[in-house]
Engineer: 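Dropping a structure here in structure tokens format, bear with me for questions.
Below, chains carry the letters A, B, ... as their sequence lines are ordered, and counting in each starts from 1.
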2 protein chains.
Amino acid sequence: MREELTNELLFFFNGFSSWENSIVRASDLTISEAHALEVLGEHEKINMKSLAQKLGVTTGTTTVTVDRLEKKNFAKRESTQEDRRVNLIVLTEKGKQAFEEHHNYHIQLTEQMVSVLSEEEIKQFHDTLKKINMETF
Amino acid sequence: MREELTNELLFFFNGFSSWENSIVRASDLTISEAHALEVLGEHEKINMKSLAQKLGVTTGTTTVTVDRLEKKNFAKRESTQEDRRVNLIVLTEKGKQAFEEHHNYHIQLTEQMVSVLSEEEIKQFHDTLKKINMETF
DNA sequence: ATCTTATTGTTTGATATTCAAGATGTATTA
DNA sequence: TAATACATCTTGAATATCAAACAATAAGAT
């Protein structure tokens, strides 16, 4: 049973990855920019270290990604008085718009996924995911 | 509700990606090699085009990945009599072993994920994933 | 106050990943 | 046989990533 569940999980992840690659490829964004945007869209301001942690990459990598987001005018760095080492990253208007657009694709995918489930199953699925997320990640 | 589910799904995917990156980084494999291994481990023989499709990348990309798997002695190309254009990729003994090892990590993660669920919830979760996989991906 | 250590972020150099477009060899069809 | 389709590989370019070294700033110890 665990074996079967593992296989469904892998299939699920692969499906999602492929789907995400294809929608990102059809946009202005690269994959890493899109991932950064996903995090930035959920935070008013976030520093490089936290952003890197949430993305699961090093700060060096994040520096490059944010450089590109700035160059494309999706985000900008702001400095703080409290700690002058820290950069706070914020989305520009253009960035917020791109985030919304990208996020809408996610909601559409969710809609498509759950279209075969009953409301009860959807609620169960949500609760299970939430439990797993809290305990595992 | 869809919004919340979308967020849990994204968190779930990100968590899984980070986890996978970290276990792969601690092994002999690179990410793309590991993904190829996951597919190869489930097939006795598979040609380049199918492998590429299952990985969601172009055949050009797959060529490079399989080159490296061959160089590392995890897999080898076999030609067929039926169609001499086609390469069938098979795992070597070393490759099978690497697959098993990698797969065990996945099972361990599954185990960890479901450790907070009841057997009934696990079954529900499995069935839901299966339905979604069949309909969506 | 100053010296040491820790932290945040950037840079650098190397490797890996990926795609699109074109090339090559093989099969299929007209 | 000629034309077309197909499977794979090659090439060139853009991205993605890490580890390690670096610079600036903050925090703690004496």
Side-chain angles (χ1 to χ4, degrees), chain A residues 14 17-40 45-72 74-90, chain B residues 14 17-40 45-72 74-90:
Chain A
N14 289 341
S17 286
S18 296
W19 174 86
E20 177 131 76
N21 283 345
S22 72
I23 69 143
V24 168
R25 228 175 280 136
S27 78
D28 260 6
L29 302 161
T30 67
I31 286 281
S32 62
E33 286 164 14
H35 286 161
L37 212 61
E38 286 171 22
V39 175
L40 292 172
K45 295 164 185 282
I46 188 170
N47 67 10
M48 295 298 284
K49 193 186 180 189
S50 306
L51 178 58
Q53 274 170 346
K54 288 191 184 291
L55 293 171
V57 298
T58 62
T59 56
T61 298
T62 308
T63 294
V64 177
T65 305
V66 171
D67 284 348
R68 241 195 312 271
L69 285 176
E70 271 198 315
K71 190 167 292 176
K72 290 187 179 178
F74 285 123
K76 62 181 200 289
R77 288 169 166 89
E78 290 183 350
S79 49
T80 72
Q81 297 97 318
E82 300 96 58
D83 187 337
R84 288 192 295 167
R85 293 169 304 180
V86 171
N87 282 332
L88 293 180
I89 320 303
V90 297
Chain B
N14 289 341
S17 285
S18 296
W19 174 86
E20 178 131 75
N21 283 344
S22 72
I23 70 145
V24 167
R25 228 175 279 136
S27 78
D28 260 6
L29 302 161
T30 67
I31 286 280
S32 63
E33 286 164 14
H35 287 161
L37 211 61
E38 285 172 21
V39 174
L40 292 171
K45 294 163 187 284
I46 189 171
N47 67 12
M48 295 298 284
K49 192 182 179 189
S50 307
L51 178 57
Q53 274 170 348
K54 287 189 184 295
L55 292 172
V57 297
T58 63
T59 57
T61 299
T62 309
T63 295
V64 177
T65 306
V66 172
D67 284 349
R68 239 194 314 270
L69 285 176
E70 271 197 315
K71 190 167 288 174
K72 289 189 180 177
F74 285 123
K76 62 181 200 289
R77 286 169 166 91
E78 289 184 351
S79 48
T80 72
Q81 298 96 320
E82 300 96 59
D83 188 337
R84 287 193 295 169
R85 292 171 304 181
V86 172
N87 281 332
L88 295 178
I89 320 303
V90 296

Engineer: List the residues meeting side-chain hydrogen bond (donor to acceptor under 3.5 Å, both in side chains) with B:S50, not counting sequence neighbours, and say none if there are none.
Structural biologist: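 Listed in chain order: B:N47.
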
Engineer: Only counting residues at least two apart or in another chain, list the ones meeting side chain to side chain contact (heavy atoms under 4.5 Å, CB included) with A:V39.
Structural biologist: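 Here the qualifying residues are A:H43, A:I46, A:L51, A:K54, A:L55.
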
Engineer: Can you find a side chain N or O atom of A:N87 that sits less than 4.0 Å from OP1 or OP2 on C:dT10?
Structural biologist: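 For C:dT10, OP1/OP2 do have a side-chain N/O of A:N87 under 4.0 Å.
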
Engineer: Without placing hydrogens or testing angles, list every side-chain donor-acceptor pair under 3.5 Å for residues 23-32 of chain B, not counting sequence neighbours.
Structural biologist:
residue, atom, partner, partner atom, Å
B:S27, OG, B:V24, O, 2.8
B:S27, OG, B:L29, N, 3.0
B:T30, OG1, B:E33, N, 3.3

Engineer: Over all strands shown, is A:T30 touching base, sugar-phosphate only, or nothing at heavy-atom distances under 4.0 angstrom?
Structural biologist: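 Contact class for A:T30: sugar-phosphate only.
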
Engineer: Quick check: do B:K76 and B:V90 have side-chain heavy atoms less than 4.5 Å from each other?
Structural biologist: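 Result yes, sub-4.5 Å side-chain heavy-atom pair found.
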
Engineer: Given side chain to side chain contact (heavy atoms under 4.5 Å, CB included), test B:T61 with B:V64 step by step and report yes or no.
Structural biologist: CA-CA 5 Å; B:T61 299; B:V64 177; 5.9 Å; no

Engineer: Tell me, please, which residues at least two apart from A:R85 pass salt bridge (Lys or Arg N to Asp or Glu O under 4.0 Å).
Structural biologist: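 Testing A:R85 for salt bridge (Lys or Arg N to Asp or Glu O under 4.0 Å), a comparison that skips the adjacent residues, returns A:D83.
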
Engineer: For B:E82 and C:dT28, give me the distance from atom CD to atom C1', rounded to whole Å.
Structural biologist: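 Distance check: B:E82 CD to C:dT28 C1' gives 16 Å.
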
Engineer: Between A:R84 (CZ) and D:dA23 (P), how many Å, whole number?
Structural biologist: 18 Å

Engineer: Report which part of the nucleic acid B:T59 touches: base, sugar-phosphate, or nothing (heavy-atom distance under 4.0 Å, all strands).
Structural biologist: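 The residue B:T59 makes base contact.
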
Engineer: Quick one: which of C:dA27, C:dG9, D:dA7 gets closest to the side chain of B:V86?
Structural biologist: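 The nucleotide sitting nearest to the side chain is D:dA7.
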
Engineer: Could you check how far CG of A:D83 sits from P of C:dA6, rounded to whole Å?
Structural biologist: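 Between P of C:dA6 and CG of A:D83: 17 Å.
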
Engineer: Is the shortest side-chain N/O distance from A:R77 to OP1 or OP2 of C:dT10 below 4.0 Å?
Structural biologist: yes

Engineer: How many Å lie between CG on A:L29 and C1' on D:dT15, as a whole number?
Structural biologist: 14 Å

Engineer: Taking five pairs at each end of the helix from C:dA1-D:dT30 to C:dA30-D:dT1, what angle separates the two helix axes (nearest 10°)?
Structural biologist: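 Rounded to the nearest 10 degrees, the bend comes out at 20°.
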
Engineer: What is the distance, to the nearest angstrom, from the CD atom on A:E33 to the P atom on D:dT17?
Structural biologist: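 From A:E33 CD to D:dT17 P: 11 Å.
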
Engineer: Kindly write out the residues that satisfy side-chain hydrogen bond (donor to acceptor under 3.5 Å, both in side chains) with B:N87, not counting sequence neighbours, or none if the list is empty.
Structural biologist: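 Per chain and number, B:N87 pairs via side-chain hydrogen bond (donor to acceptor under 3.5 Å, both in side chains) with no residue.
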
Engineer: In the 5'-to-3' direction, what one-character label does each nucleotide of nucleotides 18-25 of chain C receive under the scheme B = base within less than 4.0 Å of a protein heavy atom, S = sugar-phosphate only, - = no such atom?
Structural biologist: SBS----B

Engineer: Can you identify which nucleotide, out of D:dT10, C:dA16, C:dG9, has its nearest atom closest to the B:D67 side chain?
Structural biologist: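 Ranking D:dT10, C:dA16, C:dG9 by closest atom to the B:D67 side chain puts D:dT10 first.
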
Engineer: I need the NZ-C1' distance between B:K71 and C:dA16, as an integer number of Å.
Structural biologist: 13 Å

Engineer: Could you state the NZ-P distance from A:K49 to C:dT8, rounded to the nearest angstrom?
Structural biologist: 4 Å

Engineer: Once you round it to whole Å, what is the distance between C1' of D:dT8 and NZ of B:K76?
Structural biologist: 19 Å

Engineer: According to salt bridge (Lys or Arg N to Asp or Glu O under 4.0 Å), who are the partners of A:K45, at least two apart in sequence or on a separate chain?
Structural biologist: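 A:K45 satisfies salt bridge (Lys or Arg N to Asp or Glu O under 4.0 Å) with A:E78 only.
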
Engineer: Kindly write out the residues that satisfy side chain to side chain contact (heavy atoms under 4.5 Å, CB included) with A:T63, not counting sequence neighbours, or none if the list is empty.
Structural biologist: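 Here the qualifying residues are A:M48, A:D67, A:R77.
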
